[in-house]
Amino acid sequence: MRNAWDLHAGEWISWARAPGHDSYWRFHREAFLSLVPPPERLTLDIGCGEGRLTRDLSRLGHRVLGIDASPAMVTAAASVPGAAGRVAAGDAAALPVADAAADCAVAFMSLQDIDHMEQAVAEAARVLVPGGRLVIAVTHPANTAGKFAPGPDEAARPFVIDGSWFECRALAGTCERDGYTMTFHSQHRPLQAYTDALADAGFLIERIREVGDPSPADKWHRIPLFLHVRALRS
């Protein structure tokens, strides 16, 4: 998945930087940031992409180090005029950060795109101080397990899971919206895959939030789009 995201980095940079274009700007960002603890010594942005969350965290007073495996993403994140925070190339499963160097780590919409998710979560535990927090957002497993069937009422279309909820599988799809095109590569994983990875790495889950579209007219108002989790490094 790493190579695929680097291949489509240009598409993602345009997609992510179009204000108001996707859920990040409309509701996703604020729901996620409400779980992030106040700034302390260092906050890691794991899988920072083109850097929009790194920039938002910096504006909130965090001393941020953004890390991404895609050279194109790192270059884009580092080249925004006036952007605060540092950016470095690195593998989420082998973070270029010393043990217990950070008080907080965030992985916003990146773990479902990482080949070795369990190792990435273990690495987050390694670089956090005891009592530090990891805050993650992933595509909700309900979202990736099924799809909406056709129906006359857009907001009431039935949602169908016609495969296995429990089977991990690669996903790829191209979306077009408002003149932008993006090919997404990720993996469906059941909820237990994420909670087991957190528990095995020594995290205690503090909060779980399921985030849907706030508009009652949207079909994703009834089904969660995203899963947000805050966990304590024990």
Given 3.5 Å as the limit, does a donor-acceptor pair link the side chain of [X] with the main chain of [Y], or not?
X	Y	value
Arg233	Val129	no
Ser79	Ala76	yes
Asp103	Arg41	yes
Arg126	Leu95	yes
Asp45	Thr54	yes
Thr181	Glu176	no
His28	Ser23	no
His62	Pro38	no

**Message:** Counting only heavy atoms not in Glu206 (residues, nucleotides, ligands), do more than 12 fall under 6.0 Å from its CD?
**Reply:**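 Buried by this count: over 12 neighbours within 6.0 Å.
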**Message:** Check this for me: Arg207, atom CZ, are more than 12 non-hydrogen atoms of other residues, nucleotides or ligands nearer than 6.0 Å?
**Reply:**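 No, the 6.0 Å shell around CZ holds no more than 12 heavy atoms from other groups.
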Show the nearest heavy-atom pair for residues [X] and [Y], with the distance to one decimal.
X	Y	result
Val36	Cys104	CG1-SG, 4.2 Å
Met109	Thr139	CE-OG1, 3.3 Å
Glu118	Ala197	CG-CB, 4.1 Å
Arg17	Ala77	NH2-N, 4.0 Å

**Request:** Show your reasoning for whether ring pair (Phe, Tyr, Trp, His ring centres under 6.0 Å) applies to Trp220 and Phe226.
**Result:** CA-CA 10 Å; Trp220 287 106; Phe226 309 113; 8.6 Å; no
**Message:** What verdict does the salt bridge (charged side-chain N to carboxylate O under 4.0 Å, His left out) test give for Glu50 and Arg55, after you've listed the backbone C-alpha separation in whole Å, the side-chain angles of each residue and the deciding distance to 0.1 Å?
**Reply:** CA-CA 10 Å; Glu50 56 74 49; Arg55 296 188 292 274; 2.8 Å; yes
What's the spacing between [X] [atom1] and [Y] [atom2] if we round to 0.5 Å?
X	Y	atom1	atom2	value
Leu53	Arg29	CG	CZ	9.5 Å
Leu44	Glu123	CG	CD	10.5 Å
Leu57	Arg52	CG	CZ	12.5 Å

**Message:** Test side-chain hydrogen bond (donor to acceptor under 3.5 Å, both in side chains) on Thr183 and Thr174; report intermediate values, then the result.
**Reply:** CA-CA 4 Å; Thr183 300; Thr174 299; 2.9 Å; yes
**Message:** I'd like to know whether the aromatic ring centres of Phe108 and Tyr24 sit less than 6.0 Å apart in this structure.
**Reply:**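 Ring centres of Tyr24 and Phe108 closer than 6.0 Å.
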**Request:** May I ask you to check whether Trp12 and Tyr180 place their ring centers less than 6.0 Å from one another?
**Result:**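 No.
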Please set out all donor-acceptor pairs under 3.5 angstrom arising from side-chain atoms of residues 146-161, sequence neighbours excluded.
unit_1, atom_1, unit_2, atom_2, d
Asp153, OD1, Ala155, N, 3.2
Glu154, OE1, Arg157, NH1, 3.3
Glu154, OE2, Arg157, NH1, 3.3
Glu154, OE2, Lys219, NZ, 3.2
Arg157, NE, Ala149, O, 2.9
Arg157, NH2, Phe148, O, 3.3

**Request:** Check the pair Ser186, Phe184 against side chain to side chain contact (heavy atoms under 4.5 Å, CB included), reporting the backbone distance first and the verdict last.
**Result:** CA-CA 7 Å; Ser186 62; Phe184 293 91; 5.6 Å; no
**Request:** Determine, for Arg133 against Glu40, whether the closest basic-nitrogen to carboxylate-oxygen distance falls under 4.0 angstrom.
**Result:**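 Here Arg133 does not pair with Glu40 in a salt bridge, since their nearest N and O are not under 4.0 Å apart.
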Are [Y] and [X] connected into the same hydrophobic cluster when the rule is that any two of I, L, V, M, F, W, Y join if their side-chain heavy atoms are below 4.5 Å apart?
X	Y	result
Leu33	Val106	yes
Phe32	Val64	yes
Val127	Val121	no
Leu198	Leu227	yes
Val229	Leu232	no

**Message:** With side-chain hydrogen bond (donor to acceptor under 3.5 Å, both in side chains) as the criterion, how do Thr144 and Arg169 come out once you've worked through the C-alpha distance, each side chain's angles and the decisive distance to 0.1 Å?
**Reply:** CA-CA 10 Å; Thr144 54; Arg169 59 187 180 277; over 6 Å; no
**Item:** Chi angles and distances behind the side chain to side chain contact (heavy atoms under 4.5 Å, CB included) call for Ile208, His228
**Value:** CA-CA 6 Å; Ile208 292 179; His228 293 178; over 6 Å; no
**Message:** Working note: Phe166 + His188, criterion side chain to side chain contact (heavy atoms under 4.5 Å, CB included); need CA distance, chi angles, decisive distance, verdict.
**Reply:** CA-CA 9 Å; Phe166 298 103; His188 166 74; over 6 Å; no
